[in-house]
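Notes to accompany the following structure.
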Amino acid sequence: MSAAIDAILQRCQLLSAVHESRRQHLAQSSQLCKFAKGRVIFRQGDACPGVYVVGNGTVRVYKIGATGKEHVLHMVGPGGTFAEVAAIGGFDCPANAEAVTASVCALIPLDRLRKHLQEDHTLCLELISGLSFWVRHTITLLEDIVLRDAAGRVARFLLEAEPEDRNVVKLPGLKRHVASHLNLTSETFSRTLGRLIEAGLVVDLENNRVRLLDREGLHAISEGLFPQV
C-alpha cells in the first residue's frame with residue numbers, strides 16, 4: 001500500500017466515519033493520479049472511473065448548459081472528493097472535472113469500490129454517514145442561492161474558505177470560477193468584492209488571495225444584517 005495514498009484517504013471527508021482497517025483496505029485498492037493544470041479528468045456522460053480524493057491542488061466540477069454557459073458545482077481541494085455519487089449510485093459522470101492547478105488525487109476504482117461495498121455492509125453504513133456531508137453542502141448551496149444576496153454569498157464563501165493563515169484565504173481557482181460557483185456573474189462578483197474592500201472588511205492581495213480584516217462584519221453580511229454593503 002502506498003503511504004501517499006493512505007495519507008490522502010486519511011484526510012478524506014467522505015471516509016471520515018470509515019474504520020481505519022477498512023480505510024487501509026480501500027487504500028490498497030487505490031491508485032495515485034497526477035493531473036497537470038488545465039487537464040480535463042473526465043467529461044459529462046463518461047463512464048464513472050471511481051471515486052477521486054484530492055491530495056494536493058484544486059479540481060473544479062462543472063456543467064455546461066445548452067447555450068454553452070458553464071456553472072461550477074464544486075471547487076474541490078485537499079480532503080474533498082468528486083465522482084463519489086456517480087460511483088456509489090452506479091451511473092455515468094453527471095458533470096465535467098478539470099484540474100484548476102497541478103493536482104494529485106487518489107482514485108478508488110469503480111469495480112474495486114463496488115466489490116468492497118458488496119462484501120462489507122458496515123462500510124456501506126460508514127459511507128452513508130460520510131455522504132451526509134454532501135447533503136449538508138447541497139442544502140447550504142441552495143440556501144445561498146435562494147436566501148442570500150450577492151454580498152451575503154461572497155462574505156459566507158470567504159469565511160468558509162480554507163485559510164492560508166488565520167486571516168488570509170486563497171481563492172480556489174480563477175475569480176470567474178468562484179463567481180460561477182456562487183451563481184454570480186464575474187462582474188457582480190468583482191463589484192461585490194470591491195464593496196467589501198471599500199467597507200474595510202477585506203483587502204484584495206496578489207495571486208487570488210484575500211485578507212479578512214473584520215470577520216464579525218463579514219458574518220453579519222452573510223446573515224443579511226448589513227444590507228448597506
Side-chain angles (χ1 to χ4, degrees), residues 1-65 70-139 141 172-173 177 181:
M1 174 182 61
S2 166
I5 291 175
D6 190 48
I8 292 173
L9 297 193
Q10 282 186 49
R11 297 183 61 187
C12 177
Q13 178 68 43
L14 178 66
L15 304 179
S16 60
V18 174
H19 188 273
E20 180 181 359
S21 62
R22 280 183 282 275
R23 189 198 71 238
Q24 291 178 346
H25 198 192
L26 289 173
Q28 291 172 353
S29 300
S30 302
Q31 59 195 60
L32 203 63
C33 302
K34 298 182 179 181
F35 303 105
K37 178 181 178 180
R39 166 77 179 276
V40 174
I41 299 171
F42 56 71
R43 298 187 184 278
Q44 181 176 337
D46 287 352
C48 178
V51 177
Y52 288 94
V53 184
V54 178
N56 292 294
T58 304
V59 173
R60 73 179 180 117
V61 179
Y62 64 99
K63 292 183 74 74
I64 301 177
E70 290 186 6
H71 179 70
V72 177
L73 301 174
H74 310 296
M75 298 294 289
V76 189
T81 55
F82 58 101
E84 65 287 293
V85 176
I88 294 172
F91 49 83
D92 292 338
C93 297
N96 309 279
E98 177 191 58
V100 177
T101 63
S103 302
V104 177
C105 301
L107 170 63
I108 308 174
L110 180 64
D111 56 344
R112 298 176 190 176
L113 173 66
R114 296 190 69 82
K115 185 174 185 295
H116 287 309
L117 294 176
Q118 290 168 357
E119 295 176 348
D120 191 340
H121 291 173
T122 300
L123 175 61
C124 295
L125 295 174
E126 291 171 338
L127 281 179
I128 288 174
S129 177
L131 282 172
S132 65
F133 166 80
W134 286 113
V135 175
R136 271 199 322 273
H137 172 79
T138 301
I139 292 172
L141 185 60
H177 294 158
H181 176 62

Should Thr81 and Gln13 count as side-chain neighbours, where that means a heavy-atom distance under 4.5 Å? no
If you look at every heavy atom in Leu9 and Leu26, which pair is closest and at what distance? CD1-C, 4.2 Å
Can you name the nearest heavy-atom pair linking Gly77 to Val54, along with the distance? O-CB, 3.4 Å
Let's go through Leu14 and Leu131 carefully: what are the C-alpha distance in whole Å and the side-chain angles of both, what is the deciding distance for side chain to side chain contact (heavy atoms under 4.5 Å, CB included) to 0.1 Å, and is it a yes or a no? CA-CA 6 Å; Leu14 178 66; Leu131 282 172; 3.8 Å; yes
Roughly how far, to the nearest 0.5 Å, is the CD1 atom of Ile41 from the CG atom of Leu107? 10.0 Å
If I take atom CE from residue Met75 and atom CZ from residue Phe82, how far apart are they, to the nearest 0.5 angstrom? 12.0 Å
Taking the side chain as every heavy atom from C-beta outward, state whether Val53 and Arg11 have any pair of such atoms under 4.5 Å apart. no
Is the side chain of Thr58 donor-acceptor paired with the backbone N or O of Thr101 at a distance under 3.5 Å, no angle test? no
Taking the side chain as every heavy atom from C-beta outward, state whether Cys93 and Pro49 have any atom pair closer than 4.5 Å. yes
Taking all heavy atoms of Gly50 and all of Ala87, pick out the closest pair and write down the distance. C-CB, 4.0 Å
Indicate yes or no: at least one non-hydrogen side-chain atom of Val40 is less than 4.5 angstrom from one of Asn96. no
Distance, nearest 0.5 Å, that separates OH of Tyr52 from SG of Cys105: 8.0 Å
Specify the closest pair of heavy atoms between Ile5 and Ala27, including all atoms of both residues, with the distance to one decimal. CG2-O, 3.8 Å
Ignoring hydrogens and geometry beyond distance, is a side-chain donor-acceptor pair present between Glu20 and Gln24 at under 3.5 Å? yes
At what distance, to the nearest 0.5 angstrom, does NE2 of His19 lie from CD of Glu126? 8.0 Å
Do any pairs count as a side-chain hydrogen bond (donor to acceptor under 3.5 Å, both in side chains) and have a residue in residues 114-125, sequence neighbours left out, and if so which ones? Ser29-His116, Lys115-Glu119
Heavy-atom closest pair (Ile88 atom, Leu127 atom, distance to 0.1 Å) is CD1-CD1, 4.4 Å
Any ring-ring contact (aromatic ring centres under 6.0 Å, His included) pairs touching residues 84-111, not counting sequence neighbours? none
In Å and rounded to the nearest 0.5 Å, what is the CD1 to CZ distance from Ile108 to Arg23? 11.0 Å
Testing the basics here: between Leu110 and Cys48, what is the closest heavy-atom pair and its distance to 0.1 Å? CD2-O, 3.4 Å
Any salt bridge (Lys or Arg N to Asp or Glu O under 4.0 Å) involving residues 86-109? Give me the pairs, sequence neighbours left out, ordered by first then second residue. Arg60-Glu98
